[in-house]
Structure formats: C-alpha cells, structure tokens
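What follows is one structure encoded as structure tokens, with my remarks underneath.
These numbers were taken from a predicted model, which means no experiment stands behind them.
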Amino acid sequence: MTELLIRGRVLSFIDEPQGIDDTASYRYEEDGAVLVRDGKVAMAGNYAEVSRMAAPGVAVADHRPHLVLPGLIDTHLHFPQTQAIASYGAQLLEWLNTYIFVEEQKFAEPEHAAFIAGRFMDELLSNGTTTAAAYCSVHPQSVDAYFTAAEQRGMLMIGGKVMMDRNAPDALRDTPQKGYDETKRLIGKWHGRGRAHYAISPRFAITSTPEQMEMSRALVAEHPDCYVQTHLSENRDEIAFATSLYPDAKDYTDIYAHYDLLTDKTLLGHCIYLSDREISVLAETGAVGVFCPTSNLFLGSGLFDRDRFDRLGARWSVATDVGAGTSFSMLETMDEAYKVLHLQGQRLSPLNSFYRMTLGNARSLGLQDQIGSLHVGADADIVVLDSSGKSAMELRMRTAKSLVDELFILQTMGDDRCVAEVYVAGKAMKGRKLAGARRALETA
C-alpha cells in the first residue's frame, strides 16, 4: 500500500453552483489535505483530521498556500492538430482544407504519431488537464500512439479514429467497411484497457456518406458503452453543406438522430446555430453540446447560447478544441467562455467556471464517480494552482478579498504558469514532464 498526503487549500464541488454566493455547492478547507492511497482518494478535508487517518511516516506534499483541486477535464480537442494551432486567416471549411487535412496526413507515420502524442499529453498535463476526449486521425496507428502515450502516464483519456469517406484528400479517406473494421478492432484493443475509453468518431456529416453513417450506427449499437463524438452546427457554410448532402433531414441535428448517433454518451462539438427543436432533441437523448469558446472566436464561427441550453434542459460542457482552439489551458478557455457569454448578456460566475472544468465536465462524460471531485474512492487526479503564478497576478491577488475573487483572477489571468503540480492517479507529473522536455531538447 502506498500513501501520499497532499496539503493545501482544498476545493472540490459537490453540485452545480446556483449563484455566486452558493457556498453549499462546494467544499473548501483553508488548511486542507487529500489522503491518496494506491492512486485513489482515501479522504479529503481538514488537514488535522485527514492526517490522523494517514499511516505513520506518510510522505507529505505540502503545497500551501496553493489551491488543491480535482484535475481539469477537456471534452473536445484534436490531437493531430497540435502543430496546427495558430494557422492564419481562414474560417472552418477553408481552414480544414488549407491546414488541417495537410497536417493530419503526417499521422500515417507511426513515429510522427508517437512523437506528437507524447507532446500532446504533456501539454495537457502542464496545463492541469488530466482527462480529455480527443479525435485521432483516420490512421489506426494514430489511435495506438494516443492511447499508448496516455497509458504511459496513467491518464484517463477518451479518443478514437476519425471516420471519413468523402470530401477529404484521398490519403485521409477510409471506406464505410474499412472505417467499421478498423474502429471495431481498435475498440477491442483499447476500450476498457486500463483507463482508456473509446469514442466512435465519424468526423461530421460532411465527410461521411450515408453508408458510413450506417456503419457508425452499427458500431454504436454493438458497443453502447463507447462514447460517440462528432461535430454539429459550427459554421453557417458547414450547416448548408451538410444539410445539402442529407436533403431528407429536418435539420443538421436530424442527420445524426436518423442514424441513432445521439445518446447520453454523445459529445457534439460546437452547437452554435441550433434551433429550439434541435436543442430539445439533445435534451431528449441526453447528448452533450460542447462549448468551444477559443475555437469559435478564432475561426469566427459564432457564439454559443448557454442560456437556451439551460432553458430547454439540454446538457453542455466546455472544451479547448485544440487546434482551432488557441490554448491547451482550460483556465484561458474559461476566460474566453466568460466573454462569449457576456456578449450575449449571460453571466458565468467563477464558481460555475471551476465547476465546469471539474465536476461539470465529469458529469457530461458520465464519469463523476471516478473523476471531477475529491470524494472518497475517486481517482486521485489532482491539480495544484498558484494564484500568483504570474507577476501581474501576484500584484492583483494583494487586493483579492475572497475565494471567489481568487478564482476569477485565476480564470481571467491564469495559464500553465499557474499550475504548480499535477497528480495522475496519485503520481506527481510536473517534474516528469519538465525532465521529458529537457531530454527532447537535448536530442533535437
């Protein structure tokens, strides 16, 4: 049995905050601790009480005065686009054809896929993200690289090979049968292995024929415990193109509904231009709309309407969407989410931001029993945040009067420099990541 006592100011949510003063929605200990036993949370709370439950001579990681929270969670991004962040001057469809489809062809090479997968996981960890749902490329070897890199680090990750059989370069197209066969084999290899979860991933309706959508339907029926991830209503030209390819559909959402792809394990990237009817379909099926603020602003796509999702009872989560998203940081992502909602007269409180990055996103994935909070029995995925990680933040923190003030400063000004440490299943990862980066520079 291995134990570790992590000491600091412990914050963990137990429910969605109903207002900026909703102290019942979270647990906070000024002098707190998390007792980790064999990679799980054995106890969390007041340091004096938790320390009494630890074994004699337990190792103590003293992170005072920093905040100790559950690891952050990202529900939509693309690992093959890691080197395509900051590609200039195009909206969605042009951006895909000019930059992304070119970049993704490199993942036919296993060595390249393995290199980027390792860097991708380390970028997540350096930003405090311990779980993410990501798209791989069309190549099965990209999926192997992705889950191998996650397994080496002990991370709980969701991912899958994109299925595309039209409107993409020849080198990135599979066929309905090939997409089905490769996905089925990858599910058998990876889903449920360690902490890996597979996501059946028809990229979007534009790049899949009706025949491939039928194969996607078959995969979902055969593997109902797998996730489904695709894109929906990101861009007006995309919507027009998608619906022209499926003229019998009532709207874009109805394309996926027709093929039984909307379940409570479905993650739908973007969901900007949905009608009330479409949002109601998401509410009925339990499918999750994924809000990607930095991506939506970068590509000029539009503004996610959170209040309509809430009013119609549909689920939603928040994600970086690297590489149209401009940062791996969930802190920077929530800063942009605040602005997107503010432009529409909608408020996003600091409590709600940190709820979304942790327990809220865990609930959207149906993984709240494992990650997203520091309850007894949870996986010990933990991030330690330094609210004075930048000089300007240190100066601003001198005037902070409350925890809510501090959280808003972290959300508005924070980035990877505020991540003091990250634990994955109880193992410290920050030093390991820095050592790996030094080795990469030495061998470059």
Side-chain angles (χ1 to χ4, degrees), residues 2-12 32-41 44 58-74 77 79 82 115-132 134 149-157 195 320 322 327-334 354 357-358 371-372 374 378-391 393-394 397 406-407 409-411 413-443:
T2 59
E3 283 193 352
L4 175 66
L5 191 62
I6 299 172
R7 188 174 186 180
R9 295 161 51 230
V10 176
L11 172 64
S12 182
V34 181
L35 178 61
V36 177
R37 184 176 295 144
D38 294 334
K40 302 281 188 178
V41 175
V58 65
V60 178
D62 192 344
H63 291 293
R64 293 175 296 172
H66 301 333
L67 284 167
V68 176
L69 300 96
L72 308 182
I73 301 166
D74 188 344
L77 67 172
F79 117 75
T82 299
F115 171 70
I116 297 298
R119 292 295 297 268
F120 175 83
M121 299 297 168
D122 287 343
E123 285 298 326
L124 289 175
L125 291 172
S126 71
N127 283 280
T129 298
T130 52
T131 288
E151 188 173 69
Q152 289 169 346
R153 292 157 179 79
M155 298 168 71
L156 192 165
M157 295 291 288
R195 305 183 77 194
T320 63
V322 164
S327 172
F328 279 88
S329 171
M330 287 299 295
L331 296 174
E332 292 187 301
T333 297
M334 297 313 298
F354 278 81
M357 287 186 280
T358 57
I371 57 174
L374 299 175
D379 296 344
D381 294 345
I382 294 167
V383 63
V384 181
L385 296 180
D386 176 3
S387 306
S388 299
K390 294 160 58 177
S391 61
M393 294 178 70
E394 184 277 328
M397 277 295 295
E406 181 178 7
L407 295 179
I409 291 167
L410 271 166
Q411 169 189 322
M413 302 178 72
D415 57 24
D416 61 311
R417 287 168 286 184
C418 301
V419 178
E421 186 56 276
V422 182
Y423 295 89
V424 174
K427 295 180 180 179
M429 303 300 290
K430 187 88 171 180
R432 171 178 172 167
K433 185 263 179 186
L434 294 173
R438 284 194 294 270
R439 286 195 298 273
L441 288 172
E442 290 165 0
T443 58

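Partners of Glu3 by side-chain contact (heavy atoms from CB on, under 4.5 Å), not counting sequence neighbours, listed by chain and number: Met1, Leu35, Arg37, Ala54, Ala55, Val58. Residues passing the salt bridge (Lys or Arg N to Asp or Glu O under 4.0 Å) test with Asp74, sequence neighbours excluded: none. Take Glu332 and apply the salt bridge (Lys or Arg N to Asp or Glu O under 4.0 Å) test, not counting sequence neighbours, and it matches no residue. In terms of the salt bridge (Lys or Arg N to Asp or Glu O under 4.0 Å) criterion, Lys427 has no residue partners (sequence neighbours excluded). The side-chain hydrogen bond (donor to acceptor under 3.5 Å, both in side chains) search around Glu406 returns Arg9, Ser387, not counting sequence neighbours. Here His66 pairs with nothing under the ring pair (Phe, Tyr, Trp, His ring centres under 6.0 Å) rule; sequence neighbours left out. For Arg195, the side-chain hydrogen bond (donor to acceptor under 3.5 Å, both in side chains) test picks out Asp379, Asp381, with sequence neighbours left out. Evaluation of the side-chain hydrogen bond (donor to acceptor under 3.5 Å, both in side chains) rule for Asp415 yields Arg417 as partners, not counting sequence neighbours. Every residue two or more places apart in sequence or in another chain that forms a salt bridge (Lys or Arg N to Asp or Glu O under 4.0 Å) with Arg7 is listed here: Asp31. By the side-chain hydrogen bond (donor to acceptor under 3.5 Å, both in side chains) test, Asp416 pairs with no residue at all, sequence neighbours left out. Listed by chain and number, the residues in a ring pair (Phe, Tyr, Trp, His ring centres under 6.0 Å) with Phe79 are Phe107, Phe120, Tyr146 (sequence neighbours excluded).
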List the steps, then state whether side-chain contact (heavy atoms from CB on, under 4.5 Å) holds for Leu374 with Ile382.
CA-CA 8 Å; Leu374 299 175; Ile382 294 167; 3.9 Å; yes

May I have the step-by-step check of side-chain contact (heavy atoms from CB on, under 4.5 Å) for Ile409 and Met393, ending in yes or no?
CA-CA 7 Å; Ile409 291 167; Met393 294 178 70; 4.1 Å; yes

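Taken to the nearest 0.5 Å, the CG atom of Leu11 stands 4.5 Å off from the CG atom of Leu69. Distance check, rounded to the nearest 0.5 Å: CE of Met357 to CD of Gln411 gives 6.5 Å. Here the OG1 atom belonging to Thr129 is positioned 8.5 Å from the CG atom belonging to Leu331, to the nearest 0.5 angstrom. Taken from CG in Leu410 to NZ in Lys390, the straight-line distance is 10.5 Å, to the nearest 0.5 Å. The CD1 atom of Ile73 sits 6.5 Å away from atom OG1 of Thr130, with the distance rounded to the nearest 0.5 Å. Distance check: Met334 CE to Leu72 CG gives 10.5 Å after rounding to the nearest 0.5 Å.
Between Glu421 and Ile6, the closest side-chain pair of non-hydrogen atoms is not below 4.5 Å. By the 4.5 Å heavy-atom criterion applied to side chains, Leu67 and Leu407 are counted as neighbours. Using a 4.5 Å heavy-atom threshold, the side chains of Val424 and Arg153 count as separate. At a threshold of 4.5 Å between non-hydrogen side-chain atoms, the residues Thr320 and Met330 count as touching.
When all heavy atoms are compared, the tightest approach of Leu124 to Phe328 is CD2-CD2, 3.8 Å. Gly118 and Ala149 make their closest contact through N-CB, 4.0 Å (heavy atoms, listed as atom of the first residue, atom of the second, distance). Minimum interatomic distance between Ser329 and Gly414 (heavy atoms only, all atoms of both residues): OG-O, 4.4 Å. When every heavy atom of Gly8 is checked against every heavy atom of Arg64, the shortest pair comes out as CA-CG, 4.0 Å. Summarising the geometry of Met157 relative to Ala132, their closest heavy-atom pair is SD-N, 3.4 Å, with the distance given to 0.1 Å. What you find for Tyr423 and Leu4 is that their closest heavy atoms are CE2-CD2, 3.7 Å.
Using a distance-only test at 3.5 Å, with no hydrogens or angles considered, no donor-acceptor pair links the side chain of Arg119 to the main chain of Phe115. Here the side chain of Asp386 pairs no donor or acceptor atom with the backbone of Val419 at under 3.5 angstrom.
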